[in-house]
Engineer: 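My questions will all concern the structure given below.
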Amino acid sequence: MIQNLLDFYQTTGFSQLTVPMLVMWALVGVLLYLAIAKGFEPLLLVPIAFGALLANLPTRGMITVEETSPGQYQSATFEMETEVVETHRGADGEIAGQKIRVIKVEGGLYDFLSQGIKLELIPPLIFLGVGALTDFGPLIAMPRTLLLGAAAQAGLFITFLSSSLLGFTSKQAASIAIIGGADGPTAIFLSNKLAPELLGAIAVAAYTYMSLVPLIQPPIMRLLTTDKERKIRMKSLRPVSKLEKLIFSLMVMIICVLLVPDATALIAMLMLGNFLRECGVTERLVKSAQNEIINVLTIFLGTSVGITMSAQSFLAPATMKIVLLGVVAFSISTASGVLMAKVMNLVTPKNPVNPLIGSAGVSAVPMAARVSHNEGQKYDSGNYLLMHAMGPNVAGVIGTAIAAGYFISAFGG
Amino acid sequence: MNCTAPILFAELSARPGLAETLKFQATGLVVVFGALALIWVLLEIMGAIFRQRSAHKIVLPAPSSAAACPDSDEFPAGVVAAIAAAVHITLRGQPHQITSIKASKNSSNWAAEGRREHFSSHRVR
């Protein structure tokens with residue numbers, strides 16, 4: 001009987017539990033704590049944490065993970081049973097093409113759902129929702145804040161160098177560097193293209209730092225600004241007409257696509273969402289993009305990212321390096337934005353910008369803008385920086401997408 | 001249309017040297033700054049055109065002036081502005097002047113107005 005019980009034990013999942021899996025459970029606990037108790041990016045951290053828990057349970061019918069080479073894991077693969085229906089041969093008798101019929105497709109639930117990331121469908125579609133939710137009015141009213149969004153991308157390129165020095169390949173370094181842009185969908189889009197083996201770690205680092213914006217940014221902002229600078233009151237923004245917003249959407253899309261064609265999927269969907277929002281005649285579509293589409297995709301994106309975080313691939317020295325490099329990228333991006341605002345004030349002292357809005361150049365929308373506003377209010381309670389900070393904030397989204405396009409162009413993603 | 005552009009900006013090797021990396025970084029920054037600066041310039045031009053267009057529109061004189069209100073000292077400026085805006089909307093832009101703002105004491109005007117609206121929305125047989 002004891003032998004029978006032991007045999008039964010071997011068939012249960014308990015026999016397959018390992019210590020690294022338990023370590024990952026603890027990490028899942030931390031992520032859930034940050035999301036639920038602290039309210040840090042709960043919409044993303046909860047699905048990611050849940051997916052990570054599933055990745056570290058001996059599940060069946062969820063996801064397939066194969067070790068392709070020592071230390072390298074390939075997830076979300078499925079098997080297809082096929083039969084050759086027709087074979088075309090060339091003049092030399094060589095097979096020129098085959099017509100194949102798929103008889104059976106076998107895989108777990110997330111082998112299929114994760115194709116949304118692998119095929120690069122979900123991040124651009126999330127950008128559709130982001131575009132539908134974003135008001136570019138503050139940026140159009142004060143276009144010079146585009147420079148703040150551009151400056152914040154300096155963190156990406158500096159981190160690229162640091163990552164290369166730490167032994168990552170160019171493609172991996174680019175994927176890690178994009179964390180500094182604080183744009184989750186772009187980070188996932190790029191790392192899936194250039195370094196899919198690091199996708200889980202990069203996504204978790206990106207979203208965790210985005211959620212920690214209120215903790216990471218203020219000390220850097222205070223360090224780089226004086227009391228007087230933090231109290232600068234900016235001129236009110238002019239009202240922006242509907243026509244201007246429509247022209248803006250088309251103009252930005254055309255320029256970015258012409259300049260960096262590899263960023264097309266992200267920029268085009270962002271601007272499509274925004275155009276739908278601003279044109280005023282597609283209310284039902286806008287509501288879908290702002291709610292149902294982005295919400296459904298967020299669940300699948302979060303869990304698909306989380307489920308790549310199996311202990312064997314996540315608890316590697318590379319992950320720790322990514323976490324460290326991520327915070328470096330994020331901090332440099334924040335500092336670059338603030339410093340650019342100070343430079344702008346030197347050039348145009350008569351119409352100064354409050355350097356606190358420079359930190360909003362990282363694209364964590366709208367949290368980074370809120371941080372700028374809150375910091376400003378600590379020093380002058382009558383100073384309302386929120387709308388001013390939204391300018392560099394949305395400029396950061398565009399800047400990060402362009403930087404991602406540049407990396408893809410350079411590495412032939 | 002599918003664009004099969006050549007790989008631009010120098011093909012970087014998997015493990016580039018420091019000089020190569022710095023060159024790559026500088027090019028990247030120029031691309032990002034260039035793109036956003038171009039958008040900035042175009043937005044400034046567009047803004048100038050739209051500002052010029054709105055300047056040509058006839059500006060109607062403001063029909064009311066909250067600042068002229070003699071009793072406004074006892075209320076915060078925001079409250080005065082809100083009342084002035086409400087009066088302006090209710091009178092549909094007819095010329096008017098707010099001469100005083102006072103808190104109503106034991107007034108049942110709101111209730112009376114509610115009853116009037118309620119009854120006027122029904123046809124009493």
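Per chain, numbering begins at 1; letters A, B, ... match sequence-line order.
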Engineer: Find the one option among B:A26, B:P16, B:G28, B:A37 whose heavy-atom pairs under 4.5 Å with chain A are most numerous.
Structural biologist: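 Highest number of heavy-atom pairs under 4.5 Å: B:G28.
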Engineer: Looking at every non-hydrogen atom in both residues, tell me the closest pair between A:R238 and B:G47 and how far apart they are.
Structural biologist: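 The pair with the smallest heavy-atom distance is NH2-CA, 3.5 Å.
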Engineer: Checking B:F33 against chain A: side chain, backbone, both or neither under 4.5 Å from a heavy atom?
Structural biologist: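 For B:F33, backbone and side chain are both near chain A.
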Engineer: So which atom in A:E244 and which in B:M46 form the shortest heavy-atom distance, rounded to 0.1 Å?
Structural biologist: O-CE, 3.5 Å
Engineer: Tell me, for B:L22 versus chain A, whether the close heavy atoms (under 4.5 Å) come from the side chain, the backbone, both or neither.
Structural biologist: side chain
Engineer: Quick check for you: among B:L42, B:L29, B:L38, which has the greatest number of heavy-atom pairs under 4.5 Å with chain A?
Structural biologist: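 Among the listed options, the one with the most contacts to chain A is B:L29.
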Engineer: Hey, are the side chains of B:V32 and A:Y406 touching, using non-hydrogen atoms and a 4.5 Å cut-off?
Structural biologist: no
Engineer: CD of B:E20 to OG of A:S164: how many Å apart, nearest 0.5 Å?
Structural biologist: 10.0 Å
Engineer: Let me check something: any side-chain donor-acceptor pairs from residues 390-400 of chain A under 3.5 Å, sequence neighbours excluded? List them with distances.
Structural biologist:
from: A:N393; atom 1: ND2; to: A:A360; atom 2: O; distance (Å): 3.0
from: A:N393; atom 1: ND2; to: A:V362; atom 2: O; distance (Å): 3.0
from: A:T400; atom 1: OG1; to: A:Q153; atom 2: OE1; distance (Å): 3.2
from: A:T400; atom 1: OG1; to: A:S363; atom 2: OG; distance (Å): 3.2
from: A:T400; atom 1: OG1; to: A:G396; atom 2: O; distance (Å): 2.8

Engineer: Which answer fits A:A151, side chain, backbone, both or neither, if we ask what part of it has an atom under 4.5 Å from a heavy atom of chain B?
Structural biologist: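 Both backbone and side chain of A:A151 come within 4.5 Å of chain B.
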Engineer: Please walk me through it: do A:L146 and B:L43 pass side chain to side chain contact (heavy atoms under 4.5 Å, CB included)?
Structural biologist: CA-CA 10 Å; A:L146 275 159; B:L43 283 179; 4.0 Å; yes
Engineer: What's the shortest heavy-atom distance between B:L36 and A:G149, and which atoms?
Structural biologist: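 Scanning both residues completely, I find the closest heavy atoms to be CD1-C, 4.1 Å.
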Engineer: Can you give each donor-acceptor pair under 3.5 Å made by side-chain atoms of residues 247-275 of chain A, sequence neighbours left out, with the distance rounded to 0.1 Å?
Structural biologist:
from: A:S249; atom 1: OG; to: A:K245; atom 2: O; distance (Å): 3.2
from: A:S249; atom 1: OG; to: A:N274; atom 2: OD1; distance (Å): 2.9
from: A:D262; atom 1: OD2; to: A:S409; atom 2: OG; distance (Å): 2.9
from: A:T264; atom 1: OG1; to: A:P261; atom 2: O; distance (Å): 2.4
from: A:N274; atom 1: ND2; to: A:G131; atom 2: O; distance (Å): 3.2
from: A:N274; atom 1: ND2; to: A:T134; atom 2: O; distance (Å): 2.8

Engineer: So what's closer than 4.5 Å to chain B heavy atoms on A:M340: side chain, backbone, both or neither?
Structural biologist: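 The side chain, not the backbone.
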Engineer: Is any side-chain heavy atom of B:F50 less than 4.5 Å from a side-chain heavy atom of A:V240?
Structural biologist: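 Side chain of B:F50 against side chain of A:V240, heavy atoms only: no contact under 4.5 Å found.
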